[in-house]
Amino acid sequence: MEKVPRVGVAVFLLRGKTVLLGLRRNSIGDSTYALPGGHLEFGESFEECGARELKEETGLDIEKIEFLTVTNKVFKESPKPSHYVTIFLRAALSDPLQDLQNLEPDKCSGLGWYDWDNLPKPLFWPLEEMVQSGFNPFPSQTD
Ligand code: 8DG
Ligand code: MG
Ligand code: MG
């Protein structure tokens, strides 16, 4: 396959002080905790992609989807190096009582809500870098 950058969309799904993370089973970032998300498909908006990936991976319906930031990363550790421009969104649950389901167990060995102040280790390295840089996905108090 031709070496080209691809577009990823990852979602900080926020519930109270917690965020949804999954333990990845993937050649990129295997056995690290990452945000739900996936590849932008032809014709999609970022928000449509985020909502679709959340539904596919977790069964959850989300709302209040907002753009947060974008990263540009080369993943040299995977068998075939890959390059992603990744769009980060934040969102809320449409209905807080929805069931969380791990619908892609071949790609994820477990999903859970984690306190932002006590994130699990190891985080997927691009996410770890964001956290280390002081990035915070929660709306600021002054909003
Ligand atoms: P798809 O077939 O469902 O479209 O893809 P996927 O298997 O769900 O893709 P993914 O690896 O979950 O996400 C696509 C890429 O986005 C990933 O390989 C690298 C980039 N990415 C980041 N940070 C994060 C993150 O925290 N979570 C996810 N899921 N992807 C991320 O740069
Ligand atoms: Mg996916
Ligand atoms: Mg995914």
Side-chain angles (χ1 to χ4, degrees), residues 1-96 98-140 143:
M1 209 165 89
E2 196 195 349
K3 279 189 182 173
V4 289
R6 300 184 75 189
V7 180
V9 174
V11 181
F12 288 93
L13 182 58
L14 307 179
R15 191 184 73 170
K17 291 178 177 171
T18 69
V19 60
L20 183 65
L21 296 174
L23 193 55
R24 281 173 76 80
R25 298 182 64 179
N26 192 303
S27 55
I28 304 178
D30 193 50
S31 299
T32 63
Y33 290 90
L35 301 166
H39 298 91
L40 187 71
E41 292 184 356
F42 187 88
E44 273 185 329
S45 68
F46 300 144
E47 292 79 7
E48 285 166 349
C49 177
R52 176 184 54 74
E53 286 288 343
L54 257 292
K55 191 72 179 171
E56 288 174 0
E57 297 184 357
T58 72
L60 297 171
D61 290 309
I62 61 173
E63 63 176 28
K64 297 184 185 145
I65 308 171
E66 292 173 75
F67 172 82
L68 290 179
T69 190
V70 60
T71 59
N72 180 29
K73 301 284 179 194
V74 178
F75 296 83
K76 294 184 179 139
E77 82 272 21
S78 54
K80 272 189 265 171
S82 51
H83 179 172
Y84 281 95
V85 171
T86 307
I87 309 301
F88 290 84
L89 306 172
R90 87 170 150 226
L93 287 166
S94 301
D95 169 2
Q98 291 173 83
D99 270 347
L100 172 62
Q101 304 167 74
N102 184 14
L103 295 178
E104 295 183 344
D106 53 323
K107 288 186 180 180
C108 173
S109 38
L111 288 163
W113 298 98
Y114 294 92
D115 206 312
W116 185 254
D117 297 325
N118 191 17
L119 292 170
K121 288 187 179 72
L123 291 176
F124 188 25
W125 69 261
L127 184 59
E128 176 65 27
E129 275 188 10
M130 289 171 85
V131 173
Q132 290 296 328
S133 76
F135 181 82
N136 186 317
F138 290 83
S140 70
D143 279 355

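Order of appearance sets the numbers: ligands from 1, and atoms from 1 within every ligand. Positions are given from 1, in the same order as the sequence printed here.
The Mg ion (ligand 3) does not have P36 among its coordinating residues (no N/O/S atom, backbone or side chain, under 2.8 Å). The Mg ion (ligand 2) has no N, O or S atom of E56 closer than 2.8 Å. When distances to the Mg ion (ligand 2) are checked against a cut-off of 2.8 Å, E57 contributes an N, O or S atom below that limit.
The two residues C49 and H39 have their closest heavy-atom pair at SG-O, 3.6 Å. Residues S82 and I28 approach most closely at OG-CD1, 3.1 Å, considering heavy atoms.
For ligand 1, the atoms sitting less than 4.0 Å from at least one non-hydrogen atom of F75 are 19 (C), 32 (O), numbered in the order shown with element in parentheses.
When you scan the N, O or S atoms of E53 for the one nearest the Mg ion (ligand 2), you land on OE1.
No more than 12 heavy atoms of other residues, nucleotides or ligands shown are found within 6.0 angstrom of CZ on F46.
Protein heavy atom in closest approach to atom 12 (O) of ligand 1: G37 O, 3.0 Å. The shortest contact between atom 29 (N) of ligand 1 and any protein heavy atom is with L35 O, 2.9 Å. What sits closest to atom 5 (O) of ligand 1 on the protein, heavy atoms only, is H39 ND1, 2.8 Å. Scanning all protein heavy atoms for the shortest distance to atom 16 (O) of ligand 1 gives G8 CA, 3.7 Å. In this structure, the protein non-hydrogen atom closest to atom 13 (O) of ligand 1 is G38 CA, 3.4 Å. Looking from atom 24 (C) of ligand 1 to the surrounding protein, the closest heavy atom is F124 CE2, 3.6 Å. If you check which protein heavy atom lies closest to atom 19 (C) of ligand 1, you get Y84 CD1, 3.7 Å. For atom 32 (O) of ligand 1, the closest heavy atom belonging to the protein is T86 OG1, 3.0 Å.
Interatomic distance, CG of L123 versus OH of Y114, reported as 10.0 Å (0.5 Å rounding). Put simply, CG on D106 and CG on N26 are 10.0 Å apart, with the number rounded to the nearest 0.5 Å.
Only side-chain heavy atoms of N26 come within less than 4.0 Å of ligand 1; its backbone N, CA, C and O stay farther off.
For R52 (side chain) and E56 (main-chain N/O), no donor-acceptor pair under 3.5 Å exists by modelled atom type. With hydrogens and angles ignored, the 3.5 Å screen pairs no side-chain donor or acceptor of E57 with any backbone N or O of E104. Between the T18 side chain and the W113 main chain, no donor and acceptor come within less than 3.5 Å of each other.
Ring orientation note: the planes of F88 and F12 are tilted relative to one another, at an angle of 30° to 60°. Between W116 and F138, the ring planes are perpendicular. Angles over 60° get that label, and only those under 30° would be called parallel.
With E53, R25, E104 as candidates, the residue nearest to atom 3 (O) of ligand 1 on a non-hydrogen basis is E53. If you check each of R52, E41, E57, K107 against atom 8 (O) of ligand 1, the one with the closest non-hydrogen atom is E57. Across E56, M130, R24, K73, heavy-atom proximity to atom 11 (O) of ligand 1 is greatest for R24.
Two residues are said to be in side-chain contact when any heavy atoms from C-beta on lie closer than 4.5 Å; T58 and L13 fail this criterion.
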